Amino acid sequence: MKKMSLWLTVFALVSLAGCSKPDTYTPPENASGEDIFSTNCTKCHKPETGSVMTLSSAMANKDAIIKKVQEGSMRMTAFPNIKGEPAQRLAEYILANSKTK
């Protein structure tokens with residue numbers, strides 16, 4: 001039983017580590033926030049009825065969204081090449097089309 005628990009733990013950690021690998025996608029300089037979201041974010045974030053996602057109050061600002069997109073987390077892939085104006089447009093799109101909890 002202990003071996004099974006150990007293997008499940010190792011498998012879970014390896015799986016989570018795979019989720020946090022950076023993605024090398026670089027949006028075109030003129031890409032809209034909606035285009036960037038549709039191309040990359042919908043792979044994991046399925047739009048909800050009436051919004052693209054639900055944000056925590058801590059994430060409901062452009063700087064927090066851009067940081068999360070560029071740095072990722074244990075559960076989210078990092079997109080370090082989404083920066084500058086495209087990152088601003090993506091953050092604006094997410095804010096304008098999301099709910100806050």
Side-chain angles (χ1 to χ4, degrees):
M1 186 64 173
K2 286 185 179 182
K3 281 186 180 183
M4 180 62 93
S5 294
L6 177 63
W7 281 110
L8 288 174
T9 301
V10 169
F11 178 75
L13 290 173
V14 169
S15 296
L16 285 174
C19 294
S20 63
K21 289 182 182 175
D23 187 303
T24 59
Y25 168 76
T26 302
E29 191 59 37
N30 64 348
S32 71
E34 183 175 12
D35 290 340
I36 297 167
F37 189 89
S38 296
T39 301
N40 290 287
C41 306
T42 56
K43 294 174 188 174
C44 298
H45 299 281
K46 303 301 177 205
E48 304 167 4
T49 304
S51 68
V52 294
M53 62 178 48
T54 301
L55 302 171
S56 68
S57 57
M59 285 299 300
N61 66 75
K62 286 191 340 182
D63 291 337
I65 292 169
I66 292 169
K67 182 178 179 180
K68 181 81 165 203
V69 167
Q70 292 175 341
E71 295 177 7
S73 66
M74 287 234 2
R75 296 183 341 187
M76 183 178 148
T77 301
F79 292 89
N81 296 336
I82 299 177
K83 52 190 169 189
E85 285 300 313
Q88 293 289 326
R89 288 191 290 273
L90 174 61
E92 290 166 2
Y93 174 77
I94 291 170
L95 282 173
N97 294 283
S98 296
K99 296 184 272 188
T100 303
K101 43 177 167 170

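All figures in this text were calculated on a predicted structure; none of them were measured in a lab. Computed over heavy atoms, backbone and side chain alike; hydrogens, waters and symmetry mates excluded.
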Nearest-0.5 Å distance, [atom1] of residue [X] to [atom2] of residue [Y]:
X	Y	atom1	atom2	result
S98	M59	OG	CE	10.0 Å
L90	F79	CG	CZ	9.5 Å
R89	I82	CZ	CD1	11.5 Å
S38	K43	OG	NZ	11.5 Å
I94	M53	CD1	CE	5.0 Å
E92	K62	CD	NZ	4.0 Å

What's the shortest heavy-atom distance between [X] and [Y], and which atoms?
X	Y	answer
I66	A91	CG1-CB, 3.9 Å
Y25	T39	CE1-CG2, 4.0 Å
L95	N61	CD2-N, 3.8 Å
A64	A58	CB-O, 3.6 Å

All side chain to side chain donor-acceptor pair (under 3.5 Å) counterparts of N97, not counting sequence neighbours: none
Would you indicate whether the side-chain heavy atoms of P86 and I36 approach each other to under 4.5 Å? yes
Any non-hydrogen side-chain atom of K101 less than 4.5 Å from a side-chain atom of S57? no
According to a 4.5 Å side-chain heavy-atom criterion applied to Ile, Leu, Val, Met, Phe, Trp and Tyr, with indirect links allowed, do M76 and I65 form part of one hydrophobic cluster? yes
How far apart are the C-alpha atoms of V52 and Y93, what are their side-chain angles, what is the distance that settles it, and do they pass the side-chain contact (heavy atoms from CB on, under 4.5 Å) test? CA-CA 9 Å; V52 294; Y93 174 77; 3.5 Å; yes
What verdict does the side-chain contact (heavy atoms from CB on, under 4.5 Å) test give for E48 and T54, after you've listed the backbone C-alpha separation in whole Å, the side-chain angles of each residue and the deciding distance to 0.1 Å? CA-CA 8 Å; E48 304 167 4; T54 301; 2.8 Å; yes
Could you tell me whether the side chain of Q70 and the main chain of A78 form a donor-acceptor pair under 3.5 Å? no
Is a side-chain donor-acceptor pair under 3.5 Å present for D35 with S32? yes
Using a cut-off of 6.0 Å, state whether more than 12 heavy atoms not belonging to K46 lie near its atom NZ. yes
Taken in chain and number order and not counting sequence neighbours, the residues that satisfy salt bridge (Lys or Arg N to Asp or Glu O under 4.0 Å) with E34 are none
According to salt bridge (Lys or Arg N to Asp or Glu O under 4.0 Å), who are the partners of K83, at least two apart in sequence or on a separate chain? none
